[in-house]
Amino acid sequence: MTTPIPGHDRAIREILIVGGGSAGWMTAAALSHQMPRGVTITLVESEDIGTVGVGEATIPPIRLFNQTLGIDEREFMKRTQASYKLGIEFVNWGSLGNRYFHPFGPHGKPMDILAVHQHWLIARANGDTTPFDQHSMAWALANENRFTLPGGDPRNVMSTFDYAFHFDAGLYAKYLREVSEARGVRRVEGKIASVAQHSETGYVTGVRLEDGREINAELFIDCSGFRGLLIEGALHTGYHDWTHWLPCDRAIAVPCTKVEGGFTPYTRSTAHAAGWQWRIPLQHRTGNGHVFCSSHMEEQEALDILLVGLDGEPLAEPNRIRFQTGMRRQFWNKNVIAIGLSSGFLEPLESTSLHLIQAGISKLLALYPTLDFDNHVRDEFNHLSATEFERIRDFIILHYKLSTRDDSAFWRYCRDMDVPDTVAHKIAHFKSFGRHIPRDLDLFGAPSWHAVHLGQGNIPQAPDPMAHYGAAAADGSGAVYLTKLRAAMAAEAAKAPTHEDFVAQHVAAYPPKILA
């Protein structure tokens, strides 16, 4: 005799995902993997509606998402023209000519109760001019255009770095579509003409396509991009505008041909007069884009700057994108949950666009509703989503606020602007003793904040007071440790193959006819 599941009669059995692209197909793949039985999952999209499709750089949690879906990492990389990513190099951010690296992973290992950056501060005060980057294993590899997988021995410096990917977002969506459809997801081609809502509750009951077909469901996932067809178009949820803190509101994207020696295992972000340019190397091409502020730069000037900065010949016409940084006032409203660009937008400076999709999906699975759509569940989802958005927002604001550039009105504005108290608090604490003050749901941990603070010149006035109680500061062994750390990293990096060779040997992309 089968034991009945309490509340089973209130279980959701029909899900409609509105929109494809990375957000739609990541959601479809995750839902079909977690609940393959008893639920009908439909995704409606139109090939005539393009996707933004510039989110080609990721952060390490994407590996967990793929693993959770049972996706083989090598197969995924071959299918998406992927390369490896050890972090982000920032050029001209702190000041003109300034360069630093935000690595995936810490700078070395703590020694004698102090983190490596504290030993570095003491050595710096004693006249050592070695850049902080040189204490990162990720940078030791990246700086030489080398790559290998991290080691498992915690005693070895090869265990002190992590990695993510660069990949073709369009190919990733196509790959996940195949995975999803194999698990029973039904795809419907068509444009949505109208949204039906319950006359009393306002809950969405279905959509009507331009050809008259109707698709009804109980739970709706809005992956329709910036327009937010359901979350905003139907439910008028509202939006928190963060343009006063993150003033860039335009982007132009152009892929270009690869060039010899340019296959770097890291993303590059180069600051310009009113924004910044990304460079993302894939196996078959290099992704490029210029994020800029339209009130400080005309579009044609932004395009000219982008084209001049390309490594190779353009492979497509410029893709012009308008956006408004911020987030929805509710990510989950009634029976609609917004995932991806429909939930909000943060410029891709730290490659968080795909992660926010992943995070939204994880929260949906953790707080999955019944047909009652309990308000407490919905409120918790919205609280967690908003908090995570705000924490990432703060980290991105940090890059702009710490710049000392005064060569343009844009950078003077960023330097002088008031920032959220959560950002000002972290800047002040780090300025005093080099301490990072964590907050709930911080996506980026202390090593990431240390990299940006020190990379952009927010040098603490003094090391952590605990340094006075450790032997390393008193007898100089901290400086010796740093020297040995750099030597060990350089030696390990020299053993690693080039990024080009590692990719060619292990994850070379399938021929174009297979990927087409």
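Only heavy atoms go into these numbers, but all of them, side chains included; no hydrogens, no water, no symmetry mates. Nothing here was measured: the structure is a model prediction, and the numbers come from that model.
- A donor atom on one side chain and an acceptor atom on the other are found under 3.5 Å apart for Q324 and D241.
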Test side-chain contact (heavy atoms from CB on, under 4.5 Å) applied to Y203 and V336, step by step: CA-CA 8 Å; Y203 276 52; V336 173; over 6 Å; no

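- Residues D394 and P420 form a side-chain contact, since some pair of their non-hydrogen atoms from C-beta on lies under 4.5 Å apart.
- A salt bridge does not link E380 with K363: none of the charged nitrogens is closer than 4.0 Å to a carboxylate oxygen.
- Aromatic rings from F345 and F323 are positioned such that their centres are separated by under 6.0 Å.
- With hydrogens and angles disregarded, a donor-acceptor distance shorter than 3.5 Å links the side chain of S408 to the backbone of A273.
- Taking a 6.0 Å sphere around CG of D416, one finds it holds more than 12 heavy atoms contributed by other residues, nucleotides or ligands.
- Between the side chain of N288 and the backbone N or O of P255 there is no donor-acceptor pair closer than 3.5 Å.
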Residue pair N319, I252: steps toward the side-chain contact (heavy atoms from CB on, under 4.5 Å) verdict: CA-CA 5 Å; N319 179 14; I252 306 174; over 6 Å; no

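- Residues P61 and R63 fail the side-chain proximity criterion, which asks for heavy atoms closer than 4.5 Å.
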Residues M417, V419; criterion side-chain contact (heavy atoms from CB on, under 4.5 Å); working and verdict: CA-CA 6 Å; M417 68 180 174; V419 297; 4.2 Å; yes

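- Between G105 and P447 the shortest heavy-atom distance is O-CB, 4.0 Å.
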Step-by-step salt bridge (charged side-chain N to carboxylate O under 4.0 Å, His left out) determination, R213 to D211: CA-CA 6 Å; R213 287 176 295 167; D211 61 8; 2.7 Å; yes

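- Aromatic pair F292/W276: centroids not less than 6.0 angstrom apart.
- Checked by atom type and distance alone, the side chain of T387 never pairs as donor or acceptor with a backbone atom of L384 at under 3.5 Å.
- Checked against the 6.0 Å centroid criterion, the rings of W449 and F430 do not qualify as a close aromatic pair.
- Between F381 and L364 there is a side-chain heavy-atom pair separated by less than 4.5 Å.
- Taking a cutoff of 4.0 Å between a charged side-chain nitrogen and a carboxylate oxygen, E232 and R227 do not qualify as a salt bridge.
- Side chains of Q456 and H399: no donor on one and acceptor on the other come within 3.5 Å.
- Counting heavy atoms from C-beta on, the side chains of I427 and L402 come closer than 4.5 Å.
- Minimum heavy-atom separation, I305 to Q277: O-OE1, 3.8 Å.
- When atom types are taken as modelled, the side chain of E56 and the backbone of H166 share no donor-acceptor pair closer than 3.5 angstrom.
- D249 and S294 share a donor-acceptor pair across their side chains, judged by distance under 3.5 Å alone.
- Pairing each heavy atom of T325 with each of Y239, the nearest pair is C-OH, 3.7 Å.
- Remark: the backbone N or O of D418 is paired with a side-chain donor or acceptor of W245 at under 3.5 angstrom.
- Of all non-hydrogen atoms in S403 and W411, the two that sit nearest each other are OG-CE3, 3.6 Å.
- A donor atom on one side chain and an acceptor atom on the other are found under 3.5 Å apart for R378 and N375.
- Judged by distance alone, the side chains of T80 and K174 never bring a donor and an acceptor atom under 3.5 Å apart.
- A salt bridge links R79 and E178; the closest N-O separation between the charged side-chain nitrogens and carboxylate oxygens is under 4.0 Å.
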Residue pair Y510, E75: steps toward the side chain to side chain donor-acceptor pair (under 3.5 Å) verdict: CA-CA 9 Å; Y510 289 123; E75 176 70 10; 2.6 Å; yes

Criterion ring pair (Phe, Tyr, Trp, His ring centres under 6.0 Å) on Y84 and Y163, from CA distance to verdict: CA-CA 7 Å; Y84 292 97; Y163 68 94; 5.7 Å; yes

Audit row: F395, L443, side-chain contact (heavy atoms from CB on, under 4.5 Å) steps and yes/no: CA-CA 9 Å; F395 188 54; L443 172 61; over 6 Å; no

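- The shortest heavy-atom contact between Q197 and T205 is N-OG1, 3.9 Å.
- Atoms CD1 and CD1, from I392 and I59 in turn, are 6.5 Å apart once rounded to the nearest 0.5 Å.
- The closest donor-acceptor contact from the side chain of N335 to the backbone of V204 lies under 3.5 Å.
- Looking at E299 and R250, no side-chain N of the basic residue comes within less than 4.0 Å of a carboxylate O on the acidic one, giving no salt bridge.
- Side-chain contact between D162 and L86 is absent, with no heavy-atom pair separated by less than 4.5 Å.
- Here the closest heavy-atom approach between residue C248 and residue V291 is recorded as CB-CG1, 3.7 Å.
- A 4.5 Å side-chain heavy-atom check between T286 and I280 finds every atom pair outside the cut-off.
- Exactly one of K191, R186, R187 qualifies for a salt bridge (Lys or Arg N to Asp or Glu O under 4.0 Å) with E189. That residue is R187.
- Applying the side chain to side chain donor-acceptor pair (under 3.5 Å) test to every pair with at least one member in residues 435-446, sequence neighbours left out, gives these pairs: H425-R439, K426-D442, R435-D464.
- For the pair I15 and T42, the minimum side-chain heavy-atom distance is 4.5 Å or more.
- Counting only heavy atoms from C-beta outward, the side chains of M26 and I361 approach each other to under 4.5 Å.
- Between Y175 and W25, the distance separating the two ring centers is not shorter than 6.0 angstrom.
- Using modelled atom types, no side-chain atom of S342 and backbone atom of A338 make a donor-acceptor pair closer than 3.5 Å.
- A cation-pi contact links R393 to W242, judged by a cut-off of 6.0 Å to the six-membered ring centre and 45° from its axis.
- The side-chain contact (heavy atoms from CB on, under 4.5 Å) test with T267 is passed by exactly one of T58, I88, L349: I88.
- Between Y266 and R268, the side chains place a donor N or O and an acceptor N or O closer than 3.5 Å (distance only, hydrogens not considered).
- Side-chain N or O atoms of T404 include one that pairs as donor or acceptor with a backbone N or O of G94 at under 3.5 Å.
- Of the possible donor and acceptor atoms, none in the side chain of H355 sits under 3.5 Å from a partner among the backbone N and O of I62.
- Between the W332 side chain and the K334 main chain, a donor and an acceptor come within less than 3.5 Å of each other.
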For residues 215-224, dump all side-chain donor-acceptor pairs below 3.5 Å to protein atoms at least two apart in sequence or in another chain.
| residue | atom | partner | partner atom | Å |
| --- | --- | --- | --- | --- |
| E218 | OE1 | R13 | N | 2.7 |
| E218 | OE1 | E14 | N | 3.1 |
| D222 | OD1 | S224 | N | 3.0 |
| D222 | OD1 | S224 | OG | 2.5 |
| D222 | OD2 | L229 | N | 3.4 |
| D222 | OD2 | L230 | N | 2.8 |
| D222 | OD2 | I231 | N | 2.8 |
| S224 | OG | L229 | N | 2.8 |

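- A donor-acceptor contact closer than 3.5 angstrom is absent between the side chains of E89 and H102.
- Remark: the T237 side chain and the N333 side chain contain an N/O donor-acceptor pair separated by less than 3.5 Å.
- Ring to ring, Y413 and Y400 are not that close: their centroids are 6.0 angstrom or more apart.
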